[in-house]
Student: 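What follows is a structure written as structure tokens; I'll ask about it next.
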Amino acid sequence: MAAKPLMGQTESHNFHEALPFPDKLSLATVKKEVIAYCNSLQDKDGLYGSYRSAPGARPDLYSSLDVALMYQIMGINLKKKLSETQRREWIDHINTFSNNNFGTATDGTYFDTYGHSTFHANGMVVGALGVLGGKQKFHVKLYDAFNTVEKVVPWLESLNWSRQWQASHLFWGGMVCFSLSKSCPPGWLDAVFKWLDSNLDPATGWWKRGVAHSDRHQPLGGSVHILPLYEHHKRKFPYPEKVIDSVLALQLENGRWFRTENINVMHYLELDALYAYYFMKKMSPDYRRKDIQDSIDRYSKVVLNYYKNNKEDYFKLHPHFVLAGVGTFGLLQRLNPEIFYDDVQWTDIFSDLQLHMTSNVEV
């Protein structure tokens, strides 16, 4: 039985039928539009790097972080682009959101996190300060719960794997960051990968074997925050074909992966699906090649139609959701390069190692 279209998406199930290739999108043009959007949100009276979520709104931490990550993903080197004063002010602005007790160090966390966990904010800060050449304000104590071989397995066991998407932010902003820290001890990574490998479901490629997920989005949204551990430490992932099968099966009739009434088709779950394809294809390049390309083509047409007709609404979103779109474009450039093209290679929030170099920003 065909799925009924969701409210707010009445036409989206026909996007891939109504818009045949060879429609293309210049990412160089998108880049100019993203930069204009970012410039419109800059606080002209504040420190350079102070950004708002919308014109007239107050400057906030995540907007400043999101813009830095967008520039990096679009292939713009902020260390070269900015003056020393601009770069230093942006770093200082980010660090004004570091929790402190009348100026003295606390746990190294950051506040004003747009509803995200302190771990997620930590991952965002590591990425932004890394591309700016800055340092975190204080020593981060978030890693203390899992920073030894003895602690890490009990910590992994304690996570809520049924709601893995939310819990996985502890990986991306916690374990992934710690794994690339100067403090990561010998044997820690081996213990982590041993547990992860043994707890994968061999039938689906998802975590955690034997645990039912609370909804259809949890395994995909959760797993991609863990997969950078495998990519950046060059570890073999055990079941790439099963993940491909699972991501293909999750794609909806409307071409998306996120079952939502939100008309924005470049949500983080769509980015997650593309990253899963990108990473698994590197390990199993010939597996279901045509099925994957058909899936990517379907979603590509959805994106082309959305960006053509809803660009004005897209650039009214909080920068954190525009960041999702920029990363999505980066993955589409690699997965569908003839359709999404630029002379400069774009990246994304997961595969870009420069966004995870904790050793360069920690104090």
Student: What about His116 and Tyr62, are their ring centers closer than 6.0 Å?
Tutor: yes
Student: Can you name the nearest heavy-atom pair linking Ser53 to His318, along with the distance?
Tutor: CB-CD2, 3.3 Å
Student: Measuring centre to centre across the rings, with the benzene-like ring taken for any Trp, is Trp188 within less than 6.0 Å of Phe178?
Tutor: yes
Student: Do the two ring centres, one from His320 and one from Tyr268, sit under 6.0 Å apart?
Tutor: yes
Student: Contact between Leu271 and Leu331 at the side-chain level, heavy atoms closer than 4.5 Å - yes or no?
Tutor: yes
Student: I'd like to know if Arg334 and Asp348 make a salt bridge, using a cut-off of under 4.0 Å between side-chain N and carboxylate O.
Tutor: yes
Student: Is any side-chain N of the basic residue among Arg256 and Glu270 closer than 4.0 Å to the acidic one's carboxylate O?
Tutor: yes
Student: Side-chain contact, heavy-atom cut-off 4.5 Å: Tyr306 with Tyr314?
Tutor: yes
Student: I'd like to know if the side chain of Glu33 pairs up with that of Tyr307 as donor and acceptor (distance under 3.5 Å, no hydrogens or angles considered).
Tutor: yes
Student: Do Val131 and Leu353 land in one hydrophobic cluster if side-chain heavy atoms of ILVMFWY residues count as linked below 4.5 Å?
Tutor: no
Student: Any idea how Trp161 and Trp207 line up, ring-wise: parallel (<30°), tilted (30 to 60°), or perpendicular (>60°)?
Tutor: tilted
Student: Within the 3.5 Å criterion, strictly below it, is a donor on Ser83 or Tyr48 matched to an acceptor on the partner's side chain?
Tutor: no
Student: Under a 3.5 Å distance rule, please check whether Arg87 uses its side chain to pair with a backbone N or O of Lys79 as donor and acceptor.
Tutor: no
Student: With ring centroids as reference points, do Trp155 and Tyr143 lie under 6.0 angstrom apart?
Tutor: no
Student: Backbone N or O of Asp144 within a donor-acceptor pair of the Lys151 side chain at under 3.5 Å?
Tutor: yes
Student: Any donor-acceptor pair under 3.5 Å linking the side-chain atoms of Glu157 with those of Trp195?
Tutor: yes
Student: Hey, any chance Leu355 and Leu180 share a hydrophobic cluster, counting ILVMFWY side chains that come within less than 4.5 Å of each other, even indirectly?
Tutor: no
Student: Rounded to the nearest 0.5 Å, how far does CG of Asn336 lie from CG of Leu304?
Tutor: 8.5 Å
Student: Search all heavy atoms of Arg216 against all heavy atoms of Pro219 and return the closest pair with its distance.
Tutor: O-CD, 3.6 Å
Student: Does Tyr71 share a hydrophobic cluster with Leu47, counting links as ILVMFWY side-chain heavy atoms below 4.5 Å and allowing steps through other members?
Tutor: no
Student: Show your working on side-chain contact (heavy atoms from CB on, under 4.5 Å) between Gln164 and Ser223 and close with a plain yes or no.
Tutor: CA-CA 8 Å; Gln164 184 188 337; Ser223 290; 3.4 Å; yes
Student: Taking atom NZ of Lys31 as the centre, report whether more than 12 heavy atoms of other residues, nucleotides or ligands fall under 6.0 Å from it.
Tutor: yes
Student: Parallel, tilted or perpendicular, judged at 30° and 60°: which one describes the rings of Tyr299 and Trp257?
Tutor: perpendicular
Student: Quickly, which of Asp43, Leu41, Asp45 forms a side-chain contact (heavy atoms from CB on, under 4.5 Å) with Pro59? Name it, please.
Tutor: Asp43
Student: Determine whether a donor-acceptor pair (N or O, by modelled atom type, separation under 3.5 Å) exists between the side chain of Thr328 and the backbone of Ala324.
Tutor: yes
Student: Ring centroid separation for Phe350 and His225, is it under 6.0 angstrom?
Tutor: yes
Student: Please check if any side-chain donor atom of Gln333 sits under 3.5 Å from a side-chain acceptor atom of Asp342, or the reverse.
Tutor: no
Student: Just do the side-chain contact (heavy atoms from CB on, under 4.5 Å) check on Leu196 and Leu200 with the steps written out, would you?
Tutor: CA-CA 6 Å; Leu196 290 174; Leu200 273 168; 5.9 Å; no
Student: Whether the Ser179 and His233 side chains hold a donor-acceptor pair (N or O, under 3.5 Å, no angle test) is what I'd like checked.
Tutor: yes
Student: With side chains defined as the heavy atoms from C-beta onward, is the minimum distance between Met124 and Leu61 less than 4.5 Å?
Tutor: no
Student: Restricting to non-hydrogen atoms, name the atom on Gly174 and the atom on Phe146 that form the minimum distance, rounded to 0.1 Å.
Tutor: C-CZ, 3.7 Å
Student: Could you go through the side-chain contact (heavy atoms from CB on, under 4.5 Å) check for Lys281 and Leu335 one step at a time?
Tutor: CA-CA 10 Å; Lys281 275 167 59 71; Leu335 294 168; 4.0 Å; yes
Student: Counting heavy atoms not belonging to Gln251, are there more than 12 under 6.0 Å from its CD?
Tutor: yes
Student: Among the clusters formed by ILVMFWY side chains lying less than 4.5 Å apart, do Trp206 and Phe258 turn up in the same one?
Tutor: yes
Student: Would you compute the distance between atom CH2 of Trp346 and atom CE of Met74 and round it to the nearest 0.5 angstrom?
Tutor: 6.0 Å
Student: For Lys32, I'd like to know if atom NZ has over 12 heavy atoms of other residues, nucleotides or ligands within 6.0 Å.
Tutor: no
Student: Is there a continuous path of hydrophobic side-chain contacts, each under 4.5 Å between heavy atoms, that joins Phe111 to Ile94?
Tutor: yes
Student: Is Tyr110 close to Gln136 at the side-chain level, that is, under 4.5 Å between some pair of heavy atoms?
Tutor: yes
Student: How are the rings of Phe329 and Phe340 set to each other: parallel, tilted or perpendicular (split at 30° and 60°)?
Tutor: tilted
Student: Please step through side-chain contact (heavy atoms from CB on, under 4.5 Å) for the pair Arg235 and Asp197, ending with a clear verdict.
Tutor: CA-CA 11 Å; Arg235 297 289 184 121; Asp197 289 354; over 6 Å; no
Student: Without swapping roles, check the side chain of Ser117 against the backbone of His120 for a donor-acceptor pair under 3.5 Å.
Tutor: yes
Student: For the residue pair Asn360 and Gln354, confirm or rule out a side-chain donor-acceptor distance under 3.5 Å.
Tutor: no
Student: What I want to find out is whether Arg288 reaches Asp245 closely enough, with some N-O distance under 4.0 Å, to be called a salt bridge.
Tutor: yes
Student: Can a donor-acceptor pair be found, under 3.5 Å and without considering hydrogens, that links the side chain of Ser214 to the backbone of Arg163?
Tutor: no
Student: Going by distance alone, is a donor N or O of one side chain under 3.5 Å from an acceptor N or O of the other, for Asn99 and Thr106?
Tutor: no
Student: Side chains of Leu25 and Val303: does their closest heavy-atom pair fall under 4.5 Å?
Tutor: no
Student: Step through it carefully: locate the ring centre of Phe279, locate the ring centre of Phe237, and say whether they are under 6.0 Å apart.
Tutor: no
Student: Measuring from His139:NE2 to Glu362:CD, what's the distance to the nearest 0.5 Å?
Tutor: 8.5 Å
Student: CD of Gln293 to OG of Ser300: how many Å apart, nearest 0.5 Å?
Tutor: 7.5 Å
Student: Examine distances only and state if a side-chain atom of His217 and a backbone atom of Arg259 form a donor-acceptor pair shorter than 3.5 Å.
Tutor: yes
Student: When you compare the side chains of Ser98 and Asn95, does any donor N or O come within less than 3.5 Å of an acceptor on the partner?
Tutor: no
Student: Can you tell me if Asn101 uses its side chain to pair, donor with acceptor, with the backbone of Thr104 under 3.5 Å?
Tutor: no
Student: Without swapping roles, check the side chain of Thr113 against the backbone of Thr118 for a donor-acceptor pair under 3.5 Å.
Tutor: no
Student: Distance check, rounded to the nearest 0.5 Å: Leu132 atom CG versus Ser64 atom OG?
Tutor: 7.5 Å
Student: What pair of heavy atoms forms the shortest contact from Leu69 to Gly127, and how long is it?
Tutor: CD1-C, 3.9 Å
Student: Quick check for you: to the nearest 0.5 Å, what is the distance between Tyr277 atom OH and Leu332 atom CG?
Tutor: 11.5 Å
Student: Does the side chain of Pro228 reach to within under 4.5 Å of the side chain of Phe171, using non-hydrogen atoms?
Tutor: no
Student: Say whether, by atom type as modelled, one donor and one acceptor occur between the side chain of Asn199 and the main chain of Lys208 under 3.5 angstrom.
Tutor: no
Student: For Asp294, enumerate each residue passing the side chain to side chain donor-acceptor pair (under 3.5 Å) test, keeping only those at least two apart in sequence or located in another chain.
Tutor: Lys290
